[in-house]
2 protein chains.
Amino acid sequence: MSPPRTATIADVAKHAGVAVSTVSYVLSGKRAISASTRQRVLDSVRALGYHPNAGARALASKRAKVIALVLPLRAGMNLPVLMQFATSVVTTARQYDHDVLLMTADEGPDGLRRVAASALVDGLLLMDVEMHDPRVPLLRQLGEPSVLIGFPADREGLTCVDLDFARAGALCADHLAERGHREIALLGAPGVVYERGTGFAERTLAGFAEAAERHGVSALTRPCEESFDEVCSAVRDLIDEHPGVSGLVVHNEAAVGHVLGALRVLGKRVPEDVSVVAICPDDVAERASPALTSVLVPAEDVGRQAVRLLMAKLDDHPVPQSTLLEPRLTIRESTK
Amino acid sequence: MSPPRTATIADVAKHAGVAVSTVSYVLSGKRAISASTRQRVLDSVRALGYHPNAGARALASKRAKVIALVLPLRAGMNLPVLMQFATSVVTTARQYDHDVLLMTADEGPDGLRRVAASALVDGLLLMDVEMHDPRVPLLRQLGEPSVLIGFPADREGLTCVDLDFARAGALCADHLAERGHREIALLGAPGVVYERGTGFAERTLAGFAEAAERHGVSALTRPCEESFDEVCSAVRDLIDEHPGVSGLVVHNEAAVGHVLGALRVLGKRVPEDVSVVAICPDDVAERASPALTSVLVPAEDVGRQAVRLLMAKLDDHPVPQSTLLEPRLTIRESTK
DNA sequence: CCTTCCTGTCGAAGCGCTTCGACGACCAGC
DNA sequence: GCTGGTCGTCGAAGCGCTTCGACAGGAAGG
């Protein structure tokens, strides 16, 4: 009944009758090892339930096999998208045999500095990067491999991924215009989001407006708060002032349900009186009544892509500076 | 222009004119060091921007200063609560100078085994533990310090934290009964949740029913799906079959908005015709119209408490087997 | 005054792993 | 029959840190 100390590489080596370094080479594949020796080592690994000690490995190899995921855990974020994103990051990272350290943005630049200097992680994934994000200059200076989700104003020397929000806005306008709507409107994020300069909101607007113009359709846009009452009066004002509006785009996940409710209250039928397109996750669109035609924010793709890019950087492979992910429109019952 | 290799403890020692071990003791406080020496070392640390190498520290001290947070990142979870919880875990862990490794439950027991054996983390925080969770026996066997969020059937030898859902259910019933409602109903989670045996749903039901009985009030309960149409017909059926029901408890965050919408459609005014109490986060309750009287799921408290318990275990302090957190009812506009 | 006990500091021995250089053994080519 | 390469394996030197035991030097106690 000796203490069941977890097996070390030395135990494996002894068990297999080889040198420690041989075990290491079998496991890393960095040198050729004969098939018979390899098999013997692998058997010992299994027999002893060996798992390499992460600290020792990190110390010796200068690679922690951990990446940091920095999430903006302040309120007002689009939670489901964030979750999907986090899930896909973790899952993809595991495929590359890496783990994920979760950090909140509110530890700020110091947090980045800390994890980089302590070699706790090999690279950084920053989500929700703003146009003029204070972390961006630090990131450049740190020289730690990183991938940003979102597009800061100056992308020089960085690697950025995001949904192509301009295309998403355009897709909505296209869809409505093609169905013959001549006056369309976009209900966007709450005002503060625009003020913060997050970028994606503006880009959606721009794509929407530009596409509308291309179709010769009149387009208006306005921010949209998230409480039922505010949504309701916003929708009422919109319809009062522009009775010709027959197509509505909602780019605000928390508000989509309320918009439908408001329309119901105002006696407008969807899609008979007004068509509605949402930019939101599929589950929200499907849960609504009527099910909403929607443009999907491909959070999973973004996460997967971001991890891939980071892994490429860790291997010193060159990667593109910007990656834009294509949005996809799913037609459901709310447009005609 | 030599490579700006990050400073090591040896650099600090040299800079301060002391031994490496002295620096270590200053930083860890594990031995007495004179004030003057301490100050000199601290100055050098700052001057060189020294951060201890995490791997080396972990290897030598057998403590990674990292805890694993295992989240159920499958669909159908209550996202905002989960997020709040994660945030509070990260924030609290940082207060104890620990970082958080994010894992998804879908790596399953092997994932736990892996991080434990590799000494990547010092302890585990498992969220959304079910009554008969397959990870529970493994956890016992692993002997890794851990804290569970949720109550499995057999808690022997474990440490568990959760909201007191029975109290939450009771609080709702109490509130409605005190206001004179004689027939009340609870709309719960989707059917699958009950089938999965997650525990919290049943406990809410039980607390609700028991409190209603204590008040001599008739109570009925039923599961509740999350699409608008299903919610709508569920509410309609309920009211048709039990026209006397004047108090409604909604324990399903995705459905609360829909319930209000359904009531509007059915021509029922809230709170004049029917009072509604929700068990959900405050922001959802506030965003609704009318603002909902609600029982808060104290996700932040749960996270904070869970980390504290885990830290205590890491320091070999004894901790209680079960911790139940008190729910809090906030009265808003939806009940009378 | 000598012993005993702290206090503050140091040196050195690991922690478990990767990786470099070395070195037999074996094969091919001349 | 040598030389020169590969191939497969080994030993040892760290990686940067913690921690143990040792040991000066001074304070306290007799």
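Between B/Arg114 and A/Asp99 there is a salt bridge, since a side-chain N of the basic residue sits under 4.0 Å from a carboxylate O of the acidic one. Here B/Asp43 does not pair with B/Arg40 in a salt bridge; the nearest charged N to carboxylate O distance is not below 4.0 Å. Between B/Asp110 and B/Arg113 a salt bridge is recorded (basic side-chain N to carboxylate O distance below 4.0 Å).
Using a distance-only test at 3.5 Å, with no hydrogens or angles considered, no donor-acceptor pair links the side chain of B/Ser118 to the main chain of A/Ala54. Between the side chain of B/Asp122 and the backbone N or O of B/Lys65 there is at least one donor-acceptor pair closer than 3.5 Å. Formation of a donor-acceptor pair under 3.5 Å by the A/Asp133 side chain with backbone atoms of A/Arg135 is found in this model.
Place B/Ala32 and B/Ser61 on DNA chain C by their nearest nucleotides, and B/Ala32 ends up nearer the 5' end.
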Given A/Phe151 and A/Ser322, is the side chain to side chain contact (heavy atoms under 4.5 Å, CB included) satisfied, shown in steps? CA-CA 8 Å; A/Phe151 280 23; A/Ser322 302; 4.1 Å; yes
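Using a 4.0 Å cutoff on non-hydrogen atoms, the parts of residues 9-31 of chain A near DNA chain C are A/Ile9, A/Val20, A/Ser21, A/Ser24, A/Tyr25, A/Lys30, A/Arg31, ordered by number. DNA chain D lies under 4.0 Å from at least one heavy atom of each of the following residues of residues 37-52 of chain B: B/Tyr50, B/Pro52.
When DNA chain D is scanned 5' to 3' for any atom under 4.0 Å from a heavy atom of chain A, the first and last hits are D/dG8 to D/dG16.
Taking the side chain as every heavy atom from C-beta outward, B/Val12 and B/Leu27 never approach each other to under 4.5 Å.
Heavy-atom neighbours of B/Lys313 NZ from other residues, nucleotides or ligands within 6.0 Å: above the threshold of 12. Summarising the local packing, CD of B/Glu156 is surrounded by 12 or fewer heavy atoms from other residues, nucleotides or ligands at distances under 6.0 Å.
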